[in-house]
Novice: 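Take a look at this one; I'll ask things after.
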There are 2 protein chains.
Amino acid sequence: MTRHEQNRTPAEPAGVDATMDDLVAAGSDMLLLDQQLCFSLNAASRAFGSIYRTALKDLGLTYPQYLVMLLLWEHGELPVKQLGERLRLDSGTLSPLLKRLEATGMVTRERSVQDERSVIVSLTEAGRDLREPARAVPRHIGAAAGLPLSDLRTLRELLTRLTANLDAAGA
Amino acid sequence: MTRHEQNRTPAEPAGVDATMDDLVAAGSDMLLLDQQLCFSLNAASRAFGSIYRTALKDLGLTYPQYLVMLLLWEHGELPVKQLGERLRLDSGTLSPLLKRLEATGMVTRERSVQDERSVIVSLTEAGRDLREPARAVPRHIGAAAGLPLSDLRTLRELLTRLTANLDAAGA
DNA sequence: CCCAATTCAATTGTGCACAACTAAATAGGC
DNA sequence: GCCTATTTAGTTGTGCACAATTGAATTGGG
């Protein structure tokens, strides 16, 4: 019962006042819920990755590589920094990943002329050509998810808020 | 960004009847939502892992190791098979992980007498002793999540359903 | 202008996730 | 009982995640 102050979290969401819930949260309910949540979040993320992996196999992309390609298909080219911010990944992960994407001929990397610290990642012709066949992928995933659009929207919303709060608290 | 939507606000609140949505789902909305969902699910899972990692640092556990310990604290001992089913992990991941937990003196592994194929993972005294200090961890995470209990429950429910559907579709 | 602080990418080392495979034990059909 | 199919862990190889560190380029204060 050592929690009185923690409901003033950095990003208290608007909407329902949570005082009643937070009282209960002091009990064992919270422990169990948190435990179930880390199981389910972990498992769901990896299940999502699995289904993408099979769908992406023919394209020769891994799931994280696909996420990079999604951003490049949208923006054409992006500095590593931008990719990292949007994907919540650091250069320790992105550098070797981009190296592999470069090795398979999907992207090029070159130092920015304006700022020699920055590296600009651009699509190659082959990378651009992959966009069309890749359009079939999300359709396949949407079907496999088996949830109504409203639930998927709720999920996206809650996950986004959760990430923002956790990162704010961790920073 | 090819924004050509006419009447659709990006973040429509849940609860609306989804039939209309499902019709639109055949269009580009679904592609975008799916894309946002794989970003947010991926990022949230890793943000969750990050916050746990810092909280677990003093206990000398990694996040996946902690998930194993949660199950062992509840059940005392479990065969590798059971751990794998509950965590959605195969022996390729669990074997080295359990080896490390054994090396740090948290668990023991021994072949079952009834079925020599099976390996039973049990808590050591040191492993059991870790349970008390570990109770502080979820409290810390609950605070950092910054979402009301009702939202966390919704999240758990949707993620569990999503995983079940995806695994069923992928099997 | 100068230099300390910051930014950005890359590298190193550890651990996890997963596919593909191996090896041993068990179960089940005949 | 025998033999094949299945079950269960473990091993190997690849790729991702992340902390810690390095090195180069830039920024900003004096």
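Proteins get letters first, then strands, A, B, ... in listed order; numbering begins at 1 in each.
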Novice: Scan B:L94 against the nucleic acid and name what it touches under 4.0 Å (heavy atoms): base, sugar-phosphate only, or nothing.
Specialist: nothing
Novice: C:dA9 phosphate, OP1 or OP2: any side-chain N/O from A:R111 under 4.0 angstrom?
Specialist: no
Novice: Identify which nucleotide among D:dA9, C:dA10, C:dT6 has an atom closest to any side-chain atom of A:S91, counting heavy atoms from C-beta outward.
Specialist: C:dA10
Novice: If you only use heavy atoms from C-beta on, which nucleotide in D:dG10, C:dT6, C:dC18 is closest to the side chain of A:R117?
Specialist: C:dT6
Novice: Using whole Å, what does the distance between atom P of nucleotide D:dA9 and atom CG of B:L97 come to?
Specialist: 14 Å
Novice: Rounding to an integer number of Å, can you tell me how far A:I51 CD1 sits from C:dA17 P?
Specialist: 19 Å
Novice: For A:E85, is there an ion pair with A:K81 - N to carboxylate O distance below 4.0 angstrom?
Specialist: yes
Novice: Output the rounded distance in Å from CG (A:L83) to C1' (C:dC8).
Specialist: 13 Å
Novice: Nearest 0.5 angstrom please: A:L37 CG to A:L33 CG, how far?
Specialist: 6.0 Å
Novice: A:V80 has a side chain; which of C:dA9, D:dC18, C:dG15 sits nearest to it?
Specialist: C:dA9
Novice: Rounding to an integer number of Å, can you tell me how far B:R53 CZ sits from D:dA20 C1'?
Specialist: 14 Å
Novice: Does B:R139 come within less than 4.0 Å of A:D34, counting only side-chain N to carboxylate O?
Specialist: no
Novice: Mapping B:S112 and A:A47 onto DNA chain C by nearest heavy atom, which one lands closer to the 5' end?
Specialist: A:A47
Novice: What is the distance, to the nearest angstrom, from the CG atom on A:L89 to the C1' atom on D:dG15?
Specialist: 13 Å
Novice: A:E110 has an atom CD; how far is it from atom P of D:dA25, in whole Å?
Specialist: 17 Å
Novice: It should be established whether A:S118 places a side-chain nitrogen or oxygen under 4.0 Å from OP1 or OP2 of nucleotide C:dT7.
Specialist: no
Novice: In whole angstroms, how far is the C1' atom of C:dA17 from the CG atom of B:L67?
Specialist: 13 Å
Novice: With rounding to the nearest 0.5 Å, note down the distance linking CG in B:L123 to CD in B:E77.
Specialist: 9.0 Å
Novice: If you pin A:Q65 and A:D115 to their nearest nucleotides in DNA chain D, which one's is more 5'?
Specialist: A:Q65
Novice: Hey, does B:Q114 reach any base, or is it just sugar-phosphate, or nothing, if we go heavy atoms under 4.0 Å?
Specialist: sugar-phosphate
Novice: What is the distance, to the nearest angstrom, from the CG atom on A:N42 to the P atom on C:dC18?
Specialist: 9 Å
Novice: Would you mind checking if B:K99 and B:E102 are paired as a salt bridge, meaning a charged N to carboxylate O distance below 4.0 Å?
Specialist: no
Novice: C:dA17, C:dA19, D:dT6: which one has an atom nearest the side-chain heavy atoms of B:T93?
Specialist: C:dA17
Novice: Considering every strand and a 4.0 Å limit on heavy-atom distances, what is the contact class for B:E85: base, sugar-phosphate, or nothing?
Specialist: nothing
Novice: Should the side chain of B:S95 and the base of D:dA9 be counted as holding a donor-acceptor pair, with the cut-off at 3.5 Å?
Specialist: no
Novice: OG1/A:T154 to CZ/A:R156 distance, rounded to the nearest 0.5 angstrom?
Specialist: 9.0 Å
Novice: So, is A:R109 close to the C:dA10 phosphate, meaning a side-chain N or O under 4.0 Å from OP1 or OP2?
Specialist: yes
Novice: Heavy-atom nearest nucleotide on DNA chain D for B:T54 versus B:K99: which residue maps closer to 5'?
Specialist: B:K99
